[in-house]
Amino acid sequence: MEPNQNLIEGVQGFYQRKHQWMPPDLKKELGHFNAFRIADFLGPQCKPIPYTPKDYYKITLIIGQNKYHYADKTIEIEKAALLFSNPMIPYKWEPLDDNQHGYFCIFTEAFFAQFGNIREYPIFQPGSSPVYLLNDAELEDLKALYEKLLEAIQTEYKYKYDLIRAVMLELMHKAMRMTPMEPTLFKESNANTRIASLFIELLERQFPIESARQSMRLRTPADFATHLSVHINHLNRALKEVTSQTTSQLIADRIIREAVILLKNTDWNIAEIGYCLGFEEPSHFISFFKRNTKQTPKAWRKSIV
(Lines give C-alpha, C1' and ligand atoms only; values in the text may rest on other atoms or scores of the structure.)
Protein backbone atom coordinates (compact mmCIF):
# COMPACT_ATOMS: atom_id res chain seq x y z
CA MET A 1 0.00 0.00 0.00
CA GLU A 2 1.72 3.17 -1.19
CA PRO A 3 1.35 6.38 0.84
CA ASN A 4 -1.96 8.06 0.09
CA GLN A 5 -1.86 11.72 1.05
CA ASN A 6 -5.61 11.97 0.33
CA LEU A 7 -6.10 10.08 3.61
CA ILE A 8 -4.84 13.08 5.53
CA GLU A 9 -6.87 16.28 5.54
CA GLY A 10 -4.89 19.43 6.19
CA VAL A 11 -6.23 22.88 7.02
CA GLN A 12 -6.07 23.85 3.35
CA GLY A 13 -8.01 20.71 2.44
CA PHE A 14 -10.67 21.61 5.02
CA TYR A 15 -11.25 25.03 3.44
CA GLN A 16 -11.22 23.67 -0.10
CA ARG A 17 -13.77 21.01 0.85
CA LYS A 18 -16.06 23.27 2.89
CA HIS A 19 -15.65 26.74 1.37
CA GLN A 20 -13.70 26.49 -1.92
CA TRP A 21 -11.42 29.26 -0.61
CA MET A 22 -8.54 29.63 1.82
CA PRO A 23 -7.73 32.38 4.36
CA PRO A 24 -4.62 34.34 3.34
CA ASP A 25 -2.65 33.47 6.48
CA LEU A 26 -2.49 29.81 5.43
CA LYS A 27 0.19 30.71 2.93
CA LYS A 28 2.36 32.14 5.70
CA GLU A 29 4.37 30.34 8.36
CA LEU A 30 1.80 31.28 10.98
CA GLY A 31 -0.46 29.36 13.25
CA HIS A 32 -4.06 29.24 12.14
CA PHE A 33 -7.42 29.41 13.95
CA ASN A 34 -11.06 29.60 12.93
CA ALA A 35 -14.45 28.93 14.50
CA PHE A 36 -17.78 27.92 12.98
CA ARG A 37 -21.40 27.07 13.74
CA ILE A 38 -22.27 23.46 12.93
CA ALA A 39 -25.62 24.55 11.47
CA ASP A 40 -23.73 26.25 8.62
CA PHE A 41 -22.35 22.85 7.53
CA LEU A 42 -25.07 20.29 8.25
CA GLY A 43 -28.47 20.02 6.66
CA PRO A 44 -31.24 17.46 7.15
CA GLN A 45 -30.26 13.81 6.78
CA CYS A 46 -26.67 14.47 7.80
CA LYS A 47 -24.41 11.46 7.27
CA PRO A 48 -21.61 9.97 9.38
CA ILE A 49 -18.19 11.56 8.96
CA PRO A 50 -15.75 8.75 8.07
CA TYR A 51 -12.43 8.01 9.73
CA THR A 52 -10.05 10.64 8.38
CA PRO A 53 -6.78 11.73 9.97
CA LYS A 54 -6.31 15.51 10.12
CA ASP A 55 -3.20 17.60 10.52
CA TYR A 56 -4.99 20.13 12.74
CA TYR A 57 -6.67 20.14 16.14
CA LYS A 58 -10.44 20.42 16.49
CA ILE A 59 -12.71 21.12 19.46
CA THR A 60 -16.41 20.54 18.89
CA LEU A 61 -19.39 21.50 21.02
CA ILE A 62 -22.02 19.12 19.66
CA ILE A 63 -25.70 19.33 20.58
CA GLY A 64 -27.86 16.39 19.52
CA GLN A 65 -27.85 12.59 19.70
CA ASN A 66 -24.58 11.15 18.38
CA LYS A 67 -22.05 8.37 18.54
CA TYR A 68 -18.34 9.09 18.58
CA HIS A 69 -16.02 6.24 17.54
CA TYR A 70 -12.26 5.92 17.95
CA ALA A 71 -10.07 2.80 17.93
CA ASP A 72 -12.16 -0.03 19.42
CA LYS A 73 -14.28 2.33 21.51
CA THR A 74 -17.50 4.25 21.14
CA ILE A 75 -19.27 6.89 23.22
CA GLU A 76 -22.99 7.66 22.94
CA ILE A 77 -24.03 11.29 23.33
CA GLU A 78 -27.65 11.81 24.34
CA LYS A 79 -27.79 15.59 24.55
CA ALA A 80 -24.56 17.59 24.36
CA ALA A 81 -20.83 17.01 24.61
CA LEU A 82 -17.46 18.62 24.10
CA LEU A 83 -15.21 16.61 21.74
CA PHE A 84 -11.43 16.94 21.41
CA SER A 85 -9.70 15.74 18.23
CA ASN A 86 -5.94 15.72 17.75
CA PRO A 87 -3.93 15.10 14.56
CA MET A 88 -2.74 11.63 15.56
CA ILE A 89 -6.07 9.92 16.27
CA PRO A 90 -8.52 9.23 13.44
CA TYR A 91 -12.13 9.24 14.59
CA LYS A 92 -15.65 8.81 13.24
CA TRP A 93 -18.66 10.91 14.18
CA GLU A 94 -22.14 9.42 13.65
CA PRO A 95 -25.25 11.62 14.10
CA LEU A 96 -28.32 9.74 15.35
CA ASP A 97 -30.94 12.40 14.61
CA ASP A 98 -31.44 15.36 12.26
CA ASN A 99 -31.36 17.96 15.03
CA GLN A 100 -27.62 18.61 15.07
CA HIS A 101 -26.19 21.97 16.05
CA GLY A 102 -23.42 23.55 18.08
CA TYR A 103 -19.98 24.90 17.25
CA PHE A 104 -16.47 23.81 16.37
CA CYS A 105 -13.08 25.41 16.02
CA ILE A 106 -9.96 24.26 14.20
CA PHE A 107 -6.39 25.33 14.88
CA THR A 108 -2.82 24.29 14.25
CA GLU A 109 -0.29 23.52 16.94
CA ALA A 110 1.69 26.58 15.87
CA PHE A 111 -1.22 28.83 16.89
CA PHE A 112 -0.35 28.14 20.54
CA ALA A 113 3.42 27.95 20.03
CA GLN A 114 4.15 30.82 22.44
CA PHE A 115 1.76 29.46 25.07
CA GLY A 116 3.43 26.11 25.73
CA ASN A 117 2.97 22.69 24.17
CA ILE A 118 -0.74 21.91 23.91
CA ARG A 119 0.09 18.26 23.11
CA GLU A 120 0.96 17.90 26.78
CA TYR A 121 -2.56 18.85 27.88
CA PRO A 122 -4.49 15.81 29.17
CA ILE A 123 -7.38 16.49 26.76
CA PHE A 124 -5.05 15.82 23.82
CA GLN A 125 -3.04 13.00 25.35
CA PRO A 126 -3.13 9.51 23.79
CA GLY A 127 -5.09 7.10 25.95
CA SER A 128 -7.41 9.73 27.39
CA SER A 129 -11.12 9.89 26.61
CA PRO A 130 -11.79 12.76 24.17
CA VAL A 131 -15.48 13.23 25.06
CA TYR A 132 -16.99 15.26 27.90
CA LEU A 133 -20.75 15.02 28.42
CA LEU A 134 -22.27 18.33 29.50
CA ASN A 135 -24.98 19.34 31.94
CA ASP A 136 -27.17 22.38 31.23
CA ALA A 137 -24.94 24.85 33.08
CA GLU A 138 -21.75 23.60 31.42
CA LEU A 139 -23.43 23.74 28.02
CA GLU A 140 -24.49 27.35 28.48
CA ASP A 141 -20.99 28.36 29.66
CA LEU A 142 -19.35 26.75 26.64
CA LYS A 143 -21.89 28.20 24.19
CA ALA A 144 -21.01 31.64 25.55
CA LEU A 145 -17.29 30.99 24.98
CA TYR A 146 -17.86 29.89 21.39
CA GLU A 147 -19.93 33.02 20.75
CA LYS A 148 -17.00 35.06 22.06
CA LEU A 149 -14.72 33.27 19.60
CA LEU A 150 -17.08 33.91 16.69
CA GLU A 151 -17.38 37.55 17.63
CA ALA A 152 -13.63 38.00 18.03
CA ILE A 153 -12.76 36.35 14.71
CA GLN A 154 -14.91 38.92 12.86
CA THR A 155 -13.38 42.00 14.43
CA GLU A 156 -10.50 44.18 13.24
CA TYR A 157 -9.10 44.39 16.77
CA LYS A 158 -5.31 44.44 16.55
CA TYR A 159 -4.86 41.84 19.29
CA LYS A 160 -7.83 39.64 18.48
CA TYR A 161 -5.75 36.48 18.21
CA ASP A 162 -4.37 37.03 21.70
CA LEU A 163 -7.99 37.40 22.86
CA ILE A 164 -8.93 34.21 21.01
CA ARG A 165 -6.06 32.30 22.63
CA ALA A 166 -7.21 33.49 26.05
CA VAL A 167 -10.78 32.31 25.39
CA MET A 168 -9.50 28.98 24.03
CA LEU A 169 -7.34 28.41 27.09
CA GLU A 170 -10.34 29.13 29.31
CA LEU A 171 -12.36 26.59 27.31
CA MET A 172 -9.67 23.91 27.58
CA HIS A 173 -9.16 24.48 31.30
CA LYS A 174 -12.92 24.19 31.87
CA ALA A 175 -12.81 20.79 30.17
CA MET A 176 -9.80 19.61 32.14
CA ARG A 177 -11.74 20.24 35.35
CA MET A 178 -14.55 17.96 34.10
CA THR A 179 -14.69 14.16 34.14
CA PRO A 180 -14.41 12.60 30.68
CA MET A 181 -16.96 10.04 29.51
CA GLU A 182 -15.90 6.39 29.77
CA PRO A 183 -16.24 4.60 26.41
CA THR A 184 -17.73 1.18 25.73
CA LEU A 185 -15.93 -1.48 23.69
CA PHE A 186 -17.04 -2.96 20.40
CA LYS A 187 -17.42 -6.67 19.81
CA GLU A 188 -14.02 -8.22 19.23
CA SER A 189 -14.34 -9.04 15.50
CA ASN A 190 -15.49 -5.52 14.60
CA ALA A 191 -13.00 -3.98 17.00
CA ASN A 192 -10.07 -5.86 15.48
CA THR A 193 -10.94 -4.67 11.99
CA ARG A 194 -11.30 -1.09 13.21
CA ILE A 195 -8.02 -1.18 15.11
CA ALA A 196 -6.17 -2.64 12.12
CA SER A 197 -7.58 0.05 9.83
CA LEU A 198 -6.63 2.85 12.21
CA PHE A 199 -3.16 1.38 12.74
CA ILE A 200 -2.51 1.36 8.98
CA GLU A 201 -3.72 4.96 8.72
CA LEU A 202 -1.43 6.10 11.53
CA LEU A 203 1.50 4.21 10.03
CA GLU A 204 0.95 5.48 6.48
CA ARG A 205 0.40 9.09 7.44
CA GLN A 206 4.06 9.34 8.49
CA PHE A 207 5.07 8.89 4.85
CA PRO A 208 6.42 9.90 2.43
CA ILE A 209 9.53 11.33 4.05
CA GLU A 210 10.14 14.59 2.19
CA SER A 211 12.87 16.28 4.21
CA ALA A 212 16.05 15.13 5.92
CA ARG A 213 14.78 16.95 9.02
CA GLN A 214 11.54 14.95 9.10
CA SER A 215 11.46 12.02 11.52
CA MET A 216 8.92 9.31 12.33
CA ARG A 217 6.95 10.11 15.48
CA LEU A 218 5.47 6.64 15.90
CA ARG A 219 8.15 3.99 15.65
CA THR A 220 7.37 1.08 18.00
CA PRO A 221 4.32 -1.11 18.71
CA ALA A 222 4.04 0.62 22.08
CA ASP A 223 3.86 4.04 20.36
CA PHE A 224 0.94 2.92 18.23
CA ALA A 225 -0.85 1.19 21.09
CA THR A 226 -0.64 4.36 23.16
CA HIS A 227 -2.04 6.56 20.40
CA LEU A 228 -4.85 4.11 19.66
CA SER A 229 -5.75 3.87 23.35
CA VAL A 230 -5.43 0.07 23.38
CA HIS A 231 -3.18 -2.36 25.22
CA ILE A 232 -0.20 -3.47 23.15
CA ASN A 233 -1.27 -7.13 23.41
CA HIS A 234 -4.71 -6.20 22.09
CA LEU A 235 -3.11 -4.37 19.16
CA ASN A 236 -0.92 -7.36 18.35
CA ARG A 237 -3.87 -9.77 18.45
CA ALA A 238 -6.00 -7.54 16.26
CA LEU A 239 -3.31 -7.09 13.60
CA LYS A 240 -2.43 -10.78 13.62
CA GLU A 241 -6.06 -11.72 13.07
CA VAL A 242 -6.69 -9.18 10.31
CA THR A 243 -3.33 -9.09 8.48
CA SER A 244 -1.61 -12.33 9.60
CA GLN A 245 1.39 -10.21 10.58
CA THR A 246 2.58 -8.86 13.92
CA THR A 247 2.74 -5.17 14.72
CA SER A 248 6.54 -5.24 14.56
CA GLN A 249 6.49 -6.93 11.15
CA LEU A 250 4.10 -4.38 9.68
CA ILE A 251 6.17 -1.47 10.99
CA ALA A 252 9.44 -3.01 9.81
CA ASP A 253 8.07 -3.76 6.33
CA ARG A 254 6.87 -0.19 5.89
CA ILE A 255 10.16 1.29 7.14
CA ILE A 256 12.13 -0.90 4.73
CA ARG A 257 9.94 0.21 1.82
CA GLU A 258 10.54 3.85 2.69
CA ALA A 259 14.27 3.25 3.22
CA VAL A 260 14.53 1.76 -0.27
CA ILE A 261 12.71 4.78 -1.75
CA LEU A 262 15.06 7.22 0.02
CA LEU A 263 18.19 5.29 -0.89
CA LYS A 264 17.12 5.24 -4.52
CA ASN A 265 15.70 8.74 -4.96
CA THR A 266 17.74 11.00 -2.66
CA ASP A 267 21.39 11.81 -2.12
CA TRP A 268 20.99 11.82 1.66
CA ASN A 269 23.67 9.95 3.56
CA ILE A 270 22.93 6.79 5.55
CA ALA A 271 22.82 8.62 8.88
CA GLU A 272 20.25 11.12 7.57
CA ILE A 273 18.01 8.39 6.21
CA GLY A 274 18.31 6.43 9.45
CA TYR A 275 17.35 9.52 11.46
CA CYS A 276 14.27 10.12 9.31
CA LEU A 277 13.18 6.54 9.92
CA GLY A 278 13.49 6.79 13.69
CA PHE A 279 17.02 5.44 14.28
CA GLU A 280 19.13 7.65 16.53
CA GLU A 281 22.32 5.77 15.68
CA PRO A 282 23.36 4.98 12.06
CA SER A 283 24.63 1.58 13.18
CA HIS A 284 21.14 0.63 14.39
CA PHE A 285 19.67 1.50 11.00
CA ILE A 286 22.38 -0.41 9.16
CA SER A 287 21.79 -3.52 11.29
CA PHE A 288 18.01 -3.24 10.84
CA PHE A 289 18.28 -2.84 7.06
CA LYS A 290 20.73 -5.73 6.69
CA ARG A 291 18.60 -8.00 8.88
CA ASN A 292 15.60 -7.40 6.62
CA THR A 293 17.25 -7.24 3.17
CA LYS A 294 20.52 -9.23 3.59
CA GLN A 295 22.43 -6.14 2.42
CA THR A 296 23.71 -2.98 4.07
CA PRO A 297 22.10 0.30 2.92
CA LYS A 298 25.37 1.31 1.24
CA ALA A 299 25.62 -1.99 -0.65
CA TRP A 300 21.98 -1.80 -1.71
CA ARG A 301 22.44 1.75 -3.03
CA LYS A 302 25.53 0.71 -5.04
CA SER A 303 23.68 -2.27 -6.51
CA ILE A 304 21.12 -0.04 -8.26
CA VAL A 305 23.62 2.40 -9.80
Sidechain-backbone polar pair: [X] side chain, [Y] backbone, donor-acceptor under 3.5 Å:
X: D97; Y: Q65; answer: yes
X: R217; Y: Q206; answer: no
X: H284; Y: E280; answer: no
X: T108; Y: H32; answer: yes
X: N66; Y: G64; answer: yes
X: Q100; Y: A39; answer: no
X: T293; Y: F289; answer: yes

Are [X] and [Y] side-chain neighbours, meaning at least one heavy-atom pair lies under 4.5 Å?
X: L82; Y: L133; value: no
X: T60; Y: I38; value: yes
X: Y146; Y: C105; value: yes
X: Y275; Y: R213; value: no
X: I59; Y: S85; value: no
X: F207; Y: R257; value: no
X: C276; Y: M216; value: no
X: F107; Y: I118; value: yes

Check whether NZ of the Lys or CZ of the Arg R37 lies under 6.0 Å from the centre of the six-membered ring of F104 and within 45 degrees of that ring's axis. no
For F285, is the NZ or CZ atom of R291 found under 6.0 angstrom from the centre of its six-membered ring and inside 45 degrees of the ring axis? no
Heavy-atom closest contact ([X] atom, [Y] atom, distance):
X: A271; Y: P282; result: CB-CG, 3.7 Å
X: I251; Y: T220; result: CD1-C, 3.8 Å
X: I273; Y: R301; result: CD1-NH2, 3.7 Å
X: A35; Y: L150; result: O-CD2, 3.5 Å
X: L163; Y: A152; result: CD2-CB, 4.1 Å
X: P297; Y: I270; result: CB-CD1, 3.7 Å

Rounded distance [0.5 Å steps], [atom1] in [X] versus [atom2] in [Y]:
X: T74; Y: I77; atom1: OG1; atom2: CD1; answer: 9.0 Å
X: K290; Y: K298; atom1: NZ; atom2: NZ; answer: 13.0 Å
X: I255; Y: L250; atom1: CD1; atom2: CG; answer: 11.0 Å

Are F288 and F279 an aromatic pair, judged by ring center distance below 6.0 Å? yes
List the steps, then state whether side-chain contact (heavy atoms from CB on, under 4.5 Å) holds for E94 with Y68. CA-CA 6 Å; E94 179 185 354; Y68 186 89; over 6 Å; no
Does either side chain, that of [X] or that of [Y], offer a donor lying less than 3.5 Å from an acceptor on the other one?
X: E147; Y: Y103; answer: yes
X: N236; Y: T246; answer: no
X: Q245; Y: D253; answer: yes

So if you build clusters from Ile, Leu, Val, Met, Phe, Trp, Tyr with side-chain heavy-atom gaps below 4.5 Å, do [X] and [Y] land together?
X: I75; Y: L83; result: yes
X: F112; Y: Y159; result: no
X: M176; Y: L171; result: yes
X: I232; Y: L239; result: no

Would E204 and R254 pass as an ion pair if we require N to O under 4.0 Å? yes
Between E140 and K143, is there a salt bridge with N-O shorter than 4.0 Å? yes
Between I123 and the options H173, M172, M178, the side chain to side chain contact (heavy atoms under 4.5 Å, CB included) test singles out M172
Run the side-chain contact (heavy atoms from CB on, under 4.5 Å) test on W268 and I209 for me, step by step, so that the C-alpha distance in whole Å, both residues' side-chain angles and the decisive distance to 0.1 Å come before the verdict. CA-CA 12 Å; W268 303 347; I209 301 291; 3.9 Å; yes
Side chain to side chain donor-acceptor pair (under 3.5 Å) filter on N269, not counting sequence neighbours, yields none
Let's go through N99 and H101 carefully: what are the C-alpha distance in whole Å and the side-chain angles of both, what is the deciding distance for side-chain contact (heavy atoms from CB on, under 4.5 Å) to 0.1 Å, and is it a yes or a no? CA-CA 7 Å; N99 186 26; H101 55 287; 3.6 Å; yes
Do other residues, nucleotides or ligands put more than 12 heavy atoms under 6.0 Å from Q214 CD? yes
Tell me whether the count of non-hydrogen atoms from other residues, nucleotides or ligands lying under 6.0 Å of NZ in K160 goes above 12. yes
One pair to check against side-chain contact (heavy atoms from CB on, under 4.5 Å): F33 and I106. What are the steps and the verdict? CA-CA 6 Å; F33 175 89; I106 62 171; over 6 Å; no
How far apart are the C-alpha atoms of F124 and F84, what are their side-chain angles, what is the distance that settles it, and do they pass the ring-ring contact (aromatic ring centres under 6.0 Å, His included) test? CA-CA 7 Å; F124 294 119; F84 290 86; 5.7 Å; yes
